[in-house]
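First comes the structure, then the notes that go with it.
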There are 2 protein chains.
Amino acid sequence: MGRVTLADVARRAGVSLASTSRALNGQVASAATVERVRRAADELGYIPDASARSLRLRRTGQLAFAVADIGNPVYVEMMREIESVVAAEGYRLVVSRTGDADATLDLVRDLNQGYVDGLILSPLRVTPALVEALEQTTVPTVVVGRLPEGARVDTVLADSEGGVALAVDHLIRTGARRIAFLNGPVDTTPGRFRQLGFREATADRTEVVTGEFHAEDFTIDAGYAAARVMLAADEWDAVIAVNDLVGIGILHAAHERGIAVPDELAVIGIDNTTLADVCHPGLTSVDLGAARRGHKAARLILARMEDGDLPPRAVRVAPSLHERGSTAALAGAARPGGPAAVPGSRRVR
Amino acid sequence: MGRVTLADVARRAGVSLASTSRALNGQVASAATVERVRRAADELGYIPDASARSLRLRRTGQLAFAVADIGNPVYVEMMREIESVVAAEGYRLVVSRTGDADATLDLVRDLNQGYVDGLILSPLRVTPALVEALEQTTVPTVVVGRLPEGARVDTVLADSEGGVALAVDHLIRTGARRIAFLNGPVDTTPGRFRQLGFREATADRTEVVTGEFHAEDFTIDAGYAAARVMLAADEWDAVIAVNDLVGIGILHAAHERGIAVPDELAVIGIDNTTLADVCHPGLTSVDLGAARRGHKAARLILARMEDGDLPPRAVRVAPSLHERGSTAALAGAARPGGPAAVPGSRRVR
DNA sequence: CTGAAAGCGCTAACAC
DNA sequence: GTGTTAGCGCTTTCAG
């Protein structure tokens, strides 16, 4: 027995192909026809063919989510949320690696093959060619991350500047005066805007001495390597890491040098991933709302697919600081639960 | 300007549809034709339609990877490896949540819609209905995890029993005599076989006192909750956790009670995820080879799609123990790097 | 409410 | 080497 097609069902039900299709898809059809067709389909074990439907309907029921590295927990969190939203609307999720800038470009261009109905893209690096490709593509797309002013593409934005400002303020309030920023590659969107945030937030704080360092990648290992250099060069009261992974690299390097965290060095990460809760001490971290960004991105793409003529939208997600053991408590503010506390964070803002 | 189809290219190149298709797909065609068609395609910006090709070719170029919860880092690791292998062969990866047993069954049945060319499935619970559905489906499938004896399905297996034995042996060699196993739900594949492994490994060790406990889920929170109960009830020298997440929950509970790890309580996790390296103390963990299982699964599905008549295969991946700070060092074996060491693990076996 | 027929875009026989 | 044609399985006009 080969594949059961709609024609088989039609034959068995003794009605036409058209009526069979209509009956199965809830279009106009007499109750009797629907009944007969349903029965025939059941008896035959009919399952509609996805490719044929896609070709005819010009829709696949699939959405793509593309990121540089799904190994970063922050993207996993985003993906979970996206999957959960779009699955509820009957869409499957295809995951892709964006790889380098060229690969990202290819990915966007390939979109026109129509293997998905929409794309949620979180590019690490945004080139003019990419923006152009995004504007040209006929497949609805939403970008999680910043695009140049005026780009006609739906975006969902983290408030990097605001988030870093939260971190800077917190450190200054807890007494830090020499504050370093350990960035990742600065030619990336997160690298660029988190750095900008650091500069803005410290610009008029004349009481503060600042420094900037760079990890070669947004990973624990790269963060550790860069932190060794940083800690060997100067003394700092506090470091803000471009993300939690780099923050954990700093924790390792500090531990290795015998520098006590938070007493001798406060550390703040960004992204507020599970890792921040698991490491020791717990990593105070700025939550840039990965899950919420995923949620918004999913909603945006769904809306865009619904109506392609909507004007481009930019949705913003607010940051919040989650205080853990890697930063000193504010004077008068008891550390929750005391020294033997179960890890957990205190939401500051 | 609407979609550019192959017919448009053919018209512009001044050759037939068939020749155009052949020229573009590297079939027999004169150099001149290829040249003209290529040019026409370029000029028109032709991009083949994925749905039409799928319908005609009876293949989608997509593979599905289905797991219960992509939030668990061990699945992320597996997915990364799978994605990297299949992407190199030109396949896209669709991720699905398996949800409960019914949802898993639906997923497998829906496979026959033909929206993917193959499925890699890692089910938490295996029911007879699922096995039957897997055997019936015409879409190549490989299961990561244990299936009942005789199931005619390709599988890749972790050696749970061997892995747990590694943990038990290590603990006994480092002097533990009262050893608990903190399992997850026992009606799951990992729960069942890791428990079996624990029982087998401790069966003829008359010098050892054992106990078994259960977390309600394979998560940090559930592990923590169960560990509180466990630690309140009795005194243990060591605990083996069903996975790293539960292991970290134990670390938290121990910390909360003021129990020193590893001096008063040794803890071993399973899966050897990034988390094991990040938590404090580092979690000694049994690596069940998630990345290698992902790799093998990808290879298996590729081979199966190549030749559907192959007899079902079962590929095994060997476990290894990675020693970190949560277990005492063997007498005479210096802890690598001393107390201020950079986190890292020592592969014992 | 139902049926006949066209056609989505592509590839693969088959004849030349 | 090339063109003609059928057809993958489905939905949707358009008549009746």
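Proteins come first, then strands; the chains are lettered A, B, ... in the order of their sequence lines, and each starts at number 1. Only a predicted model underlies this, so the values are computations on that prediction, with no experimental measurement involved.
Side-chain proximity of B/L55 to the nucleotides D/dC8, D/dG3, D/dC10 is greatest for D/dC8. In this structure, the nucleotide among C/dC1, D/dC10, D/dT2 sitting nearest to the side chain of A/A52 is D/dC10. Which of D/dC10, C/dG3, C/dC10 sits closest to the side chain of A/L17 comes down to D/dC10. In this structure, of D/dC10, C/dT2, D/dG1, it is D/dG1 that holds the atom nearest to the side chain of B/V28. You'll find that the side chain of B/S16 is closest to D/dT4, out of D/dT4, C/dA12, C/dT2.
Under 4.0 Å is where a charged nitrogen must lie from a carboxylate oxygen, and between A/D100 and A/R125 no such pair does. The pair B/R39-B/D42 does not count as a salt bridge, with every side-chain nitrogen at least 4.0 angstrom from each carboxylate oxygen.
As a whole-Å value, the separation of B/N25 CG from D/dG1 P is 16 Å. In this structure, B/D8 atom CG and C/dG9 atom P are separated by 9 Å, rounded to whole Å. Remark: P of D/dT2 and CD of B/E35 are 13 Å apart, rounded to the nearest angstrom. B/L6 has its CG atom 5 Å from the P atom of C/dC10, to the nearest Å. Between the CZ atom of B/R56 and the P atom of C/dT11 there is a distance of 9 Å, rounded to whole Å. Spacing between atom CD of B/Q113 and atom C1' of D/dC10 amounts to 13 Å, rounded to whole angstrom units. Taking atom CD1 of A/I47 as the reference point, atom P of D/dC10 lies 11 Å away to the nearest angstrom. If you measure from atom CG of B/L24 to atom C1' of C/dA12, you get 16 Å, rounded to the nearest angstrom.
Between B/S54 and D/dC8 there is no side-chain N or O to OP1 or OP2 distance below 4.0 Å. At the phosphate of C/dT11, neither OP1 nor OP2 sits under 4.0 Å from any side-chain N or O atom of B/Q27. Distances shown here put a side-chain N or O of B/S21 below 4.0 Å from the OP1 or OP2 atom of C/dT11. Neither OP1 nor OP2 of D/dG9 sits under 4.0 Å from any side-chain N or O of A/T5.
Annotation: of the two residues near DNA chain D, B/T33 and A/R53, the 5′-most nearest-nucleotide partner is B/T33. Where B/R58 and B/A29 each meet DNA chain D at their nearest nucleotide, the meeting point lying more 5' is that of B/A29.
Other residues, nucleotides and ligands place more than 12 heavy atoms under 6.0 Å from the CZ atom of B/R146.
Side-chain polar atoms of B/D49 and B/T5 form no donor-acceptor pair below 3.5 angstrom. A donor-acceptor pair shorter than 3.5 Å can be found between the side chains of B/Y91 and B/R59.
B/R22 comes within 4.0 angstrom of a nucleotide base, judged by non-hydrogen atoms across all strands.
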